[in-house]
Amino acid sequence: MDDDTGTLPQKGDFSAWYNDILWRAEIMDVRYPVKGLYVWYPYGFAIRKHVYALLRNLLDRDHEETLFPLLIPEQEFMKEAEHIKGFEDEVYWVTHGGTTPLEVKLALRPTSETAIYPMYALWLRSHADLPMKYYQIVNTFRYETKQTRPLIRLREITSFMESHTVHATWDDAEAQVEYELALTSEFYNALCIPIIISKRPDWDKFPGADYTMAVDSIMPNGKTLQIGTVHHLGEHFSKTFSITFEDKNGEQKFASQTCYGISERCIAALISMHGDDKGLILPPIAAPVQAVIVPITIGKRHADVLAAAEKLKNDLIAAGFRVKIDTRDMRPGAKYYWWELRGVPLRLELGPRDLDAGKVMAVKRTGEKTQIELATVTAEVTRVLAEITGAIRARAEEHTNSHLCTVASMDALDAALNEGKVAVVSWCQQKGCGDVIEEKTNASILGTNARSQYVSATEGACIVCGKPGKATLVGRTY
RNA sequence: GGGGUAGUAGGGUAGCCUGGUCCAUCCUAGAGCGUUUGGGACGCUUUGACGGCGGUUCGAAUCCGCCCUACCCCA
């Protein structure tokens, strides 16, 4: 019997689970016949819509949304040498218009600095124009050579939020980096996804940045997934693209810039962090359907039960919830499994017995059944959804906590990594020692200056050379 | 970057070496009819495929070539 509960692989086999749930829960169809390009199913796209609505709301507090072209002329794209080096192997080029070769090749943006900054140079005149804080949510193209993976490593990133800000001074830009990290923390906290922020080592920073702050989450198998980055660009790009302004003294000055990105990896993290053996578990804030009503229609009570279910739906929708009623000709049990697979946080079962008692059975996706009064149902649903969010967050935090540890030797580091953990070590920040750590453990240095409630930073002797070092995160990455 | 292995209906498989079905097969798959419905219902009827392009051949899922895609392992 229990071997017949469905064919979704166990969450413990994370890779298989992930590949399967994408199509079973109708998030992505991976059968599109081009490598690294995938199709959003309507249900997956609805999840995306709610997640990105949340992101937009946060950004719109003090950014403005814009939209720049997909195509970038070769000469603009080639202006910033360091930047080019970072991307040249990954760029798709448009070389023809119809059958006519183009005189100027056009790059499909792998990221939009070189599309946006020439325009910023035109827009920025005076210190009074600063700061400028704009973002866009677009698709970008990267010719990935490593194995592609839906939502994680794509040749077309379909949902790239990139924010590009301009400031009068380096310090102002630094403050913006901090602000955007706070914004990111708020975003992921709302999605119940625990994060660790750290400063990437120099060899791993964004091409053309002064420094890169990265946001990582720990996946079920212990690998880390980078789900956000904030870069301090200093004056690299403003010098290249002549982004200057006249200050109060009438002098021309180069601006300082930041850029900041979040992609659909946030949805990969959402799915992976919360799901279980039965399927997705969506926090109510991201769920296309927050509560599903399953009418139990038996015998001659069809009409009564359906009418009551309809009223319940309308009451809840009027109260602002996203609710569906499932009247399909299926047995109730089959519907339960169907909605559980899709991660709907709350199921409301309404049958003759409940109706007579003036109650409805509320079943949490996180596993708990309670009866609630129909008379006060909107208040009760509000409370129960909040409890579900709390349970999801607690579980994710427990997972993250239990996958972090502090170690003081290479052997202990190796052991921790092989257990599927992310480790905190002391490192002197010299490239040589960094290489030793990465090569001996077959893992990556995520970064220093860890900021997370899950990491109590320490200083100590470098795990390789013994010189004074800083707390550094080491993990296996996606 | 370097190796493997594979692609057959919505999903899962057999067949391929040794070319020749008018009937491949299983399913939580599609369509239809009926009986059902408080944790994955059942009966009957029925639809549907050999990743793509080219080649060899009287004849190709099967042999050959190129391409595309997927998964796994190792830098």
Side-chain angles (χ1 to χ4, degrees), chain A residues 1-10 13-39 41-43 88-90 142-156 221 223 276-280 292-306 308-309 312 325-342 344 346-357 359-365 367-372 418 435-436 438-444 476-478:
Chain A
M1 190 63 201
D2 45 315
D3 60 348
D4 195 30
T5 52
T7 47
L8 182 69
Q10 301 277 296
D13 184 0
F14 176 63
S15 188
W17 181 91
Y18 183 80
N19 285 337
D20 241 57
I21 198 156
L22 288 175
W23 68 267
R24 284 187 195 281
E26 296 182 301
I27 299 161
M28 306 293 294
D29 196 328
V30 302
R31 293 173 299 183
Y32 193 77
V34 180
K35 180 179 168 67
L37 274 56
Y38 308 96
V39 181
Y41 279 109
Y43 189 70
E88 64 184 347
D89 291 336
E90 297 189 355
R142 296 180 188 178
Y143 187 77
E144 291 285 353
T145 52
K146 289 184 179 175
Q147 171 143 16
T148 52
R149 216 179 268 277
L151 299 176
I152 292 177
R153 178 164 280 114
L154 308 144
R155 286 190 169 176
E156 180 188 6
N221 59 2
K223 283 192 182 182
D276 67 8
D277 290 347
K278 288 182 174 178
L280 291 184
V292 62
I293 300 166
V294 180
I296 310 295
T297 51
I298 308 174
K300 295 181 177 174
R301 301 289 297 276
H302 277 237
D304 283 358
V305 170
L306 280 178
L312 176 59
I325 178 165
D326 189 348
T327 56
R328 288 175 300 172
D329 184 21
M330 294 164 64
R331 315 194 75 165
K335 293 181 185 177
Y336 300 164
Y337 282 100
W338 200 89
W339 290 105
E340 281 166 357
L341 176 63
R342 285 161 180 77
V344 172
L346 181 62
R347 180 173 79 239
L348 299 171
E349 305 173 14
L350 187 65
R353 291 204 300 262
D354 308 290
L355 211 52
D356 293 340
K359 294 183 175 175
V360 61
M361 184 64 79
V363 185
K364 299 178 187 176
R365 181 61 180 82
E368 199 185 332
K369 269 190 182 183
T370 51
Q371 277 204 318
I372 60 180
N418 287 331
D435 287 346
V436 170
E438 293 195 336
E439 279 162 26
K440 281 201 175 172
T441 60
N442 191 25
S444 300
R476 303 226 158 97
T477 64
Y478 264 107

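All heavy atoms count here, side chains included; hydrogens, waters and symmetry mates do not. Residue numbering restarts at 1 for every chain, and letters A, B, ... go by the order of the sequence lines.
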>> With a 3.5 Å limit on both atom pairs, tell me what B:C42 is paired to, counting Watson-Crick and G-U wobble, or say none.
In response: B:G34
> Does A:Arg331 place a side-chain N or O at less than 4.0 Å from the phosphate oxygens OP1/OP2 of B:A41?
Replying inline: yes
>> Roughly how many Å apart are B:G30 and B:C73, using the C1' atom of each and rounding to a whole number?
In response: 38 Å
> Paired with B:U13 by Watson-Crick or G-U wobble geometry, both distances under 3.5 Å: which nucleotide is it?
Replying inline: B:A24
> Side chain of A:Thr145: nearest nucleotide among B:G1, B:G39, B:G11?
Replying inline: B:G1
> Checking all strands, does A:Arg31 fall into the base, sugar-phosphate, or nothing category for heavy-atom contacts under 4.0 angstrom?
Replying inline: sugar-phosphate
> How is A:Glu340 classified with respect to the nucleic acid when contacts are heavy atoms under 4.0 Å: base, sugar-phosphate, or nothing?
Replying inline: base
> Is the base of B:G39 touched by the side chain of A:Arg347 through a donor-acceptor pair closer than 3.5 angstrom?
Replying inline: yes
> Quantified in whole Å, what is the P atom distance between nucleotide B:U62 and nucleotide B:U18?
Replying inline: 14 Å
>> Give me the distance, rounded to whole Å, that separates B:G4 from B:U46 when you measure between the C1' atoms they each carry.
In response: 42 Å
> When you check the phosphate oxygens OP1 and OP2 of B:U37, does a side-chain N or O of A:Thr297 lie under 4.0 Å from one of them?
Replying inline: no
> In the structure shown, which nucleotide is the Watson-Crick or G-U wobble counterpart of B:G48, with both distances under 3.5 Å?
Replying inline: none
> Does B:U18 pair with anything, Watson-Crick or G-U wobble, both distances under 3.5 Å, and if so, with which nucleotide?
Replying inline: none
>> Looking at A:Ser15, I'd like to know whether one of its side-chain N or O atoms comes within less than 4.0 Å of OP1 or OP2 on B:C72.
In response: yes
> If you measure from the C1' atom in B:A6 to the same atom in B:G12, how many Å do you get, rounded?
Replying inline: 15 Å
> If we only count heavy atoms from C-beta on, is the A:Met361 to A:Ile296 side-chain gap below 4.5 Å?
Replying inline: no
